[in-house]
Amino acid sequence: MMSAEPVRVLVTGAAGQIAYSLLFGIAKGDVFGKDQPITLILLDITPMLPVLDGVVMELQDCALPLLREVIPTDKEEVAFKDLDAAILVGSMPRREGMERKDLLKANVAIFKSQGAALEKYAKKTVKVLVVGNPANTNCLIAAKSAPSIPKENFSCLTRLDHNRARSQVAMRCGVPATQVKNVIIWGNHSSTQYPDVHHCKVNMAGSDLACFDAVKDDDWLKGAFISTVQQRGAAVIAARKLSSAMSAAKAICDHMRDIWSGTPEGEFVSMGVYSSSNSYGVAEDLIYSFPVHIKDKQWKIVDGLAINDFSRGKMDATAAELVEERDTAFTFLNA
């Protein structure tokens, strides 16, 4: 049975390559449910509007039963109106010779503006997922710029890193990725992130084993595994000459689907969320990736997991990077 009201879903950077892989998944029902009609709003910059028209034609040509309407636009007041979900993919990419602080400055302007548009036009219940890098700090800027929308409604994408970690363990153990659960990505969506498998379980021959017992190679798990996940984005760029798109789109679908329909009992996923009072000593007022479980569209940090000294050092290092990024970004935000 069709629920009458379509959900209004915005994708920014909609003429770009991540969106090209993402829009089909959303429009065919992989994210918001198999009988949930959808209105897709596609935002991009003015020079990209002709490309966006081509994307709209393709979505029409898919003849998808759930897709009620597609609205291409370059105007924030059109894009952000009455939204149920916003997936903010568009950001200023890092160009050659660009300092990180130049990148931050350009993105602060974008996400300040989009946060203000969310504040002014979107529903207060809107769920906002920030994908554009630096994702954690961009997410924080957007949340700060939309003071009447709960901070809990904002998250950034570390699900791609989570999926990468899960897959690396699965390949190592010769099992499907679905048999690996509860990997954790701590911290920043950057090369300082910490992929942690101390609480991960691998289902081998019908029984759940601790990851270290299943893999039986501690040196790999504490060395090459971590650096492979941290550097995977760069490795894809080196090979493909383009950044991750298909896998990023799949991770976005996973992340939003879990917000909408919850996580399975006893399982947690990684999301960059607002850090206030947690048992891990992460500084307040950051968007930091934690293990979460989700119910009724609300996430909760999985608290009280044992943290050894190895993990603690890595969790603190990525937090320090986020504090520095935030403080730099705030100088531009308040300028």
Side-chain angles (χ1 to χ4, degrees), residues 11-25 44 48 51 87-107 110 129-139 156-174 176-177 180 183-197 200 215 217 219-255 270-272 289 314 317-318 320-322 324-325:
V11 175
T12 71
Q17 59 147 2
I18 289 176
Y20 192 74
S21 288
L22 172 65
L23 293 168
F24 179 66
D44 216 315
M48 297 306 289
V51 178
I87 301 172
L88 308 183
V89 180
S91 65
M92 168 69 78
R94 190 166 182 170
R95 309 225 189 276
E96 227 167 321
M98 205 181 200
E99 293 288 320
R100 194 166 175 83
K101 71 171 191 300
D102 301 329
L103 183 70
L104 269 172
K105 187 175 184 178
N107 279 299
I110 294 169
L129 167 56
V130 176
V131 178
N133 285 319
N136 299 58
T137 299
N138 287 345
C139 184
C156 83
L157 189 75
T158 55
R159 185 60 168 267
L160 178 51
D161 310 299
H162 180 98
N163 287 348
R164 285 164 170 165
R166 215 177 158 183
S167 177
Q168 288 295 318
V169 170
M171 289 189 296
R172 194 79 177 189
C173 294
V180 178
V183 301
I184 301 168
I185 303 295
W186 297 103
N188 198 0
H189 174 65
S190 76
S191 59
T192 67
Q193 63 173 261
Y194 169 43
D196 177 5
V197 289
C200 165
V215 171
D217 187 341
D219 288 346
W220 181 76
L221 284 171
K222 288 182 162 184
F225 161 73
I226 292 173
S227 52
T228 298
V229 176
Q230 288 173 333
Q231 304 293 336
R232 189 67 159 187
V236 171
I237 291 172
R240 221 171 75 85
K241 310 293 178 262
L242 291 164
S243 58
S244 310
M246 178 176 26
S247 53
K250 160 67 165 55
I252 292 164
C253 288
D254 290 347
H255 179 117
S270 305
M271 277 168 48
S289 182
K314 293 201 166 344
T318 190
E321 182 183 59
L322 279 170
E324 191 189 347
E325 252 184 44

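Since the model is a prediction, treat every value here as computed from it, not as a measurement.
The backbone N or O of T318 lies less than 3.5 Å from no partner atom in the side chain of N188, so there is not a single donor-acceptor pair. A side-chain donor-acceptor contact under 3.5 Å links T12 to the backbone of G90. No donor-acceptor pair under 3.5 Å is formed between the side chain of N136 and the backbone N or O of C156. At least one donor-acceptor pair under 3.5 Å links the side chain of Q230 to the backbone N or O of Q193. Counting only distance, with no hydrogens or angles, the side chain of E325 and the backbone of L104 share no donor-acceptor pair below 3.5 Å.
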inquiry  = Is there a side-chain contact (heavy atoms from CB on, under 4.5 Å) between I110 and M92? Walk through the geometry before answering.
reply    = CA-CA 8 Å; I110 294 169; M92 168 69 78; 4.0 Å; yes
request  = Given side-chain contact (heavy atoms from CB on, under 4.5 Å), test S190 with E321 step by step and report yes or no.
outcome  = CA-CA 9 Å; S190 76; E321 182 183 59; 2.6 Å; yes
inquiry  = Could you walk me through whether L88 and N138 satisfy the side-chain contact (heavy atoms from CB on, under 4.5 Å) test, starting with their C-alpha distance in whole Å, then the side-chain angles of each, then the deciding distance to 0.1 Å, before giving a yes or no?
reply    = CA-CA 10 Å; L88 308 183; N138 287 345; over 6 Å; no
query = Please walk me through it: do I252 and I18 pass side-chain contact (heavy atoms from CB on, under 4.5 Å)?
reply = CA-CA 10 Å; I252 292 164; I18 289 176; 3.8 Å; yes
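Across all their heavy atoms, S91 and G132 have their closest contact at OG-CA, 3.4 Å. Taking all atoms of both residues into account, the shortest heavy-atom contact from Q17 to S243 is NE2-O, 3.0 Å. Scanning all heavy atoms of the two residues, the minimum distance from A248 to L157 falls at O-CD2, 4.2 Å. A14 approaches D44 most closely through the heavy-atom pair N-OD2, 3.2 Å.
From H189, atom NE2 reaches atom OG of S270 across 12.5 Å, with rounding to the nearest 0.5 Å. With rounding to the nearest 0.5 Å, the separation of OG1 in T158 from CH2 in W186 is 11.0 Å. Note that the CZ atom of R232 and the CG atom of N163 stand 12.0 Å from one another [nearest 0.5 Å]. Atom NZ of K222 and atom CG of D196 lie 10.5 Å apart (nearest 0.5 Å). For the atom pair OG1 of T192 and CG of L322, the computed distance is 6.5 Å after rounding to the nearest 0.5 Å. To the nearest 0.5 Å, atoms CD1 (I226) and NZ (K314) are separated by 5.0 Å.
By the 6.0 Å contact criterion, CE on M171 is enclosed, its count of non-hydrogen atoms from other residues, nucleotides or ligands being greater than 12.
In the model, R164 has a side-chain atom that pairs as donor or acceptor with a side-chain atom of S244 under 3.5 Å. Neither side chain, T228 nor Q168, offers a donor N or O lying under 3.5 Å from an acceptor on the other.
Looking at heavy atoms from C-beta onward, P195 lies out of side-chain contact with D161 at the 4.5 angstrom threshold. Counting only heavy atoms from C-beta outward, the side chains of C253 and L22 approach each other to under 4.5 Å.
Here D217 pairs with R172 in a salt bridge; the nearest charged N to carboxylate O distance falls below 4.0 Å.
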